[in-house]
Amino acid sequence: MGFPLMVRPIRLALEAIDKKARRRRRHARRQSRYGVFHRLTAPLALPGIIAGVLLCFARALGEFGATITFVSNIPVRRRPFRRRFTR
């Protein structure tokens, strides 16, 4: 459920980067597409990537909290600490 919360900020950050700047960088520096992505696109999109990851992580924590609320009421057979390591 948290994946759409991660994709949207990343997509918006990537779309905000000027395509002409990427083309100019590639031709002026004679870099490969990977080089342009590594040196120009990724650093400019980093705030969007961080925001997306944080939103997804926060949603995952919320889902975990709701799940553990219901799962934690399962009765467990308790054993003394010493008996766990000895037979």
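- Transitive grouping of hydrophobic side chains (ILVMFWY, heavy atoms separated by less than 4.5 Å) keeps Leu5 and Ile10 in distinct clusters.
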Donor-acceptor pairs under 3.5 Å, side chain of residues 15-22 to any protein atom, not counting sequence neighbours: which ones?
from: Glu15; atom 1: OE2; to: Arg11; atom 2: NH1; distance (Å): 3.4
from: Asp18; atom 1: OD1; to: Lys20; atom 2: N; distance (Å): 3.4

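- For the ring pair (Phe, Tyr, Trp, His ring centres under 6.0 Å) condition, the pairs that include at least one residue of residues 36-66, sequence neighbours left out, are Tyr34-His38.
- Linking Ile, Leu, Val, Met, Phe, Trp and Tyr residues whenever their side-chain heavy atoms come within less than 4.5 Å places Ile49 and Leu14 in a single cluster.
- Considering CZ of Arg25 and CZ of Arg39, their distance stands at 7.5 Å, rounded to 0.5 Å.
- Between Pro9 and Ala51, the shortest heavy-atom contact is CB-CB, 4.4 Å.
- Hydrophobic side-chain contacts under 4.5 Å tie Leu54 into a cluster, directly or through other members, with Leu46, Ile50.
- Placement of Leu12 and Met6 in two distinct hydrophobic clusters is found when ILVMFWY residues are connected by side-chain heavy-atom separations under 4.5 Å, directly or transitively.
- Atom-to-atom distance recorded for Leu40:CG and Arg29:CZ is 10.0 Å, nearest 0.5 angstrom.
- Across Gly48 and Ala13, no two heavy atoms sit closer than the pair CA-CB, 3.8 Å.
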